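Both counts, for ligands and for their atoms, begin at 1 and track the order of listing. Scope of the values below: all heavy atoms of this structure, side chains included, with no hydrogens, waters or symmetry mates. In this text, all values refer to a predicted model and were calculated from it rather than measured experimentally.
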Amino acid sequence: MTKINEVKAMVEAGKAKLVPGLVQEALDAGSSANDILQAMVDSMKVIGDKFSAGEIFVPEMLMAAKSMNRGVDVLKPLLVGDSSSSHGTCIIGTVAGDLHDIGKNLVAMMIESAGFTVVDLGVDVSTDRWVEAIKQHENVTIVACSGLLTTTMPAMREAVQTIKGSGLTGVKVIVGGAPVTQDYANEIGADGFAPDAGSAAVKAVELSKQ
Ligand code: B1M
């Protein structure tokens, strides 16, 4: 088995202690940070499918997530660029009722490396908290709302509509996460949508210049 496949297998098996070492070994064996990241993202898809099929349960999903997070920690210095430009502050979080943060963390990492100061509100961010954070921080140009559950899409709608209706100017809202589409973003009045972390950073830069 190649090192990268070992990483994938150990993320799926939830072996959080083994994953960082294997990620380092995969890098040493010549795999790129992006390829290793993609392998771990693929693992989470496998985990999701097994969960849907009733083959695994929440604790296994949690261990796989922990393993992936440990692996991402090793990759982070290699994935984050050294941007000298400044596009202002980006407030990011996962919407109310939703505890998924791996995708949100990747988006935060990419947005930071694109030249934003990132304020991460974490998960389960209430509607009021988004607005408070925009008021608390200077030069907020982007708010990035992540959501992974279809059941919390109404919370995303409420967050976006409250931010847009708050009268705070100069702030653009982008949304994303597995169940979110461009159509849904349009419907709830978001300024932008991105399907993945890389394109979220591109979209954030584009919107911050408008
Ligand atoms: Co949950 N979970 N989970 N889970 N979980 C999903 C999302 C699910 C699809 C699994 C399944 O059933 N197949 C399903 C949702 C179904 C649905 O709503 N349609 C689900 C469910 C049902 C649940 C619970 C309800 C299970 C239960 O308790 N019965 C529960 C809910 C808890 C809650 O949030 N209130 C739950 C809990 C959990 C854990 C806590 C155990 C754990 C999360 C741990 C953590 O995040 N720290 C977990 C996990 C790990 C998953 C899966 C397996 C993996 C998610 C992940 O990290 N993917 C997931 C299955 C799957 O995704 N196929 C599943 C990797 C990550 C890189 O991808 O987050 O999609 P993703 O991010 C992508 C893009 O979406 C995008 O960029 C990233 C990649 O570049 N993106 C953005 C994300 N945010 C963005 C924001 C942007 C732009 C792009 O702009 C702002």
**OP:** Only protein N/O/S atoms count here: give how many lie under 2.8 Å from atom 1 (Co) of ligand 1.
**Re:**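 That number is 1, waters not included.
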
Subject >> Flag, side chain of Y184 to backbone of M153, donor-acceptor distance under 3.5 Å >> reply: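 Yes, the answer is positive, given that a donor and an acceptor are paired below the 3.5 Å cut-off.
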
Subject >> Heavy-atom donor-acceptor pair, S43 side chain to A39 backbone, under 3.5 Å >> reply: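 Looks like yes, one N/O pair under 3.5 Å.
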
**OP:** Say whether D196 and S199, considering side chains only, have a donor N or O and an acceptor N or O under 3.5 Å apart.
**Re:**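 On atom types as modelled, these side chains qualify, holding a pair under 3.5 Å.
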
**OP:** For the residue pair Q24 and D28, confirm or rule out a side-chain donor-acceptor distance under 3.5 Å.
**Re:**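 D28 and Q24 do have a side-chain donor-acceptor pair below 3.5 Å.
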
Original post:
Do K50 and E60 meet the salt-bridge criterion of a basic N to acidic O distance under 4.0 Å?
Top reply: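 Not counted as a salt bridge, because no side-chain N and carboxylate O are separated by less than 4.0 Å.
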
**OP:** Output yes when K203 and D191 qualify as a salt bridge under the 4.0 Å nitrogen-oxygen rule, no when they do not.
**Re:**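 A salt bridge is absent here (no side-chain N lies under 4.0 Å from a carboxylate O).
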
Original post:
Which pair of non-hydrogen atoms, one from S67 and one from A16, has the smallest distance, and what is that distance?
Top reply: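 So the minimum-distance heavy-atom pair works out to OG-N, 3.2 Å.
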
Which of the numbered atoms in ligand 1 are below 4.0 angstrom from a heavy atom of [X]?
{"X": "D101", "answer": "45 (C), 46 (O), 47 (N)"}
{"X": "M44", "answer": "50 (C), 53 (C), 54 (C), 58 (N), 63 (N), 65 (C)"}
{"X": "I174", "answer": "91 (C)"}
{"X": "V107", "answer": "82 (C), 85 (C), 86 (C), 89 (C)"}
{"X": "A194", "answer": "88 (C), 89 (C)"}
{"X": "A144", "answer": "91 (C)"}
{"X": "L106", "answer": "67 (C)"}
{"X": "I47", "answer": "53 (C)"}

Inter-residue atom distance [X].[atom1] - [Y].[atom2], 0.5 Å rounding:
{"X": "S146", "Y": "L121", "atom1": "OG", "atom2": "CG", "result": "12.0 Å"}
{"X": "L99", "Y": "K104", "atom1": "CG", "atom2": "NZ", "result": "11.0 Å"}
{"X": "R70", "Y": "L75", "atom1": "CZ", "atom2": "CG", "result": "14.5 Å"}
{"X": "T181", "Y": "F193", "atom1": "OG1", "atom2": "CZ", "result": "6.5 Å"}
{"X": "N139", "Y": "F116", "atom1": "CG", "atom2": "CZ", "result": "10.0 Å"}
{"X": "T152", "Y": "H100", "atom1": "OG1", "atom2": "NE2", "result": "8.5 Å"}

What part of [X] sits under 4.0 Å from ligand 1 if we count only heavy atoms: the side chain, the backbone, both or neither?
{"X": "A64", "answer": "neither"}
{"X": "A65", "answer": "side chain"}
{"X": "D124", "answer": "neither"}
{"X": "P179", "answer": "neither"}

Original post:
Hey, looking at atom 35 (N) of ligand 1, which of G97, A185, P59 has the closest heavy atom?
Top reply: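 It is G97 whose heavy atom sits nearest to atom 35 (N) of ligand 1.
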
Original post:
Any idea which of G103, G177, S52, P195 brings a heavy atom closest to atom 82 (C) of ligand 1?
Top reply: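 Looking at heavy atoms only, the winner is G177.
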
Original post:
Honestly curious: do M61 and L148 fall in one hydrophobic cluster under the side-chain, below-4.5 Å linking rule?
Top reply: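 Different hydrophobic clusters.
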
How about [atom]: does it have a protein heavy atom within less than 4.0 Å?
{"atom": "atom 33 (C) of ligand 1", "value": "yes"}
{"atom": "atom 26 (C) of ligand 1", "value": "yes"}
{"atom": "atom 87 (C) of ligand 1", "value": "yes"}
{"atom": "atom 59 (C) of ligand 1", "value": "no"}
{"atom": "atom 8 (C) of ligand 1", "value": "no"}

Subject >> Enclosure of E138 CD (heavy-atom neighbours >12, cutoff 6.0 Å) >> reply: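 Not more than 12 within 6.0 Å, no.
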
Original post:
Does K164 NZ have over 12 foreign heavy atoms under 6.0 Å away?
Top reply: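 For K164, atom NZ is crowded (more than 12 foreign heavy atoms under 6.0 Å).
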
What protein heavy atom is closest to [atom], reported as residue, atom name and distance in Å?
{"atom": "atom 18 (O) of ligand 1", "value": "T150 N, 2.9 Å"}
{"atom": "atom 75 (O) of ligand 1", "value": "A178 N, 3.2 Å"}
{"atom": "atom 39 (C) of ligand 1", "value": "L62 CD1, 4.2 Å"}
{"atom": "atom 84 (N) of ligand 1", "value": "S146 OG, 2.7 Å"}
{"atom": "atom 79 (C) of ligand 1", "value": "A197 N, 4.0 Å"}

Answer yes or no: does an N/O atom from [X] fall short of 3.5 Å to an N/O atom of ligand 1?
{"X": "N69", "value": "no"}
{"X": "K45", "value": "no"}
{"X": "A200", "value": "no"}

Identify every side-chain donor-acceptor pair in residues 6-13 under 3.5 Å, counting partners at least two apart or on other chains, and give the distances.
unit_1 : atom_1 : unit_2 : atom_2 : d
E6     : OE2    : K3     : NZ     : 3.3
K8     : NZ     : E12    : OE2    : 3.1

Original post:
Can you list the steps and then say if D42 with Q38 is a side-chain hydrogen bond (donor to acceptor under 3.5 Å, both in side chains)?
Top reply: CA-CA 6 Å; D42 293 346; Q38 188 56 52; 2.9 Å; yes

**OP:** Quick one: do I111 and V107 satisfy side-chain contact (heavy atoms from CB on, under 4.5 Å)? Show the steps, please.
**Re:** CA-CA 6 Å; I111 286 183; V107 172; 3.7 Å; yes

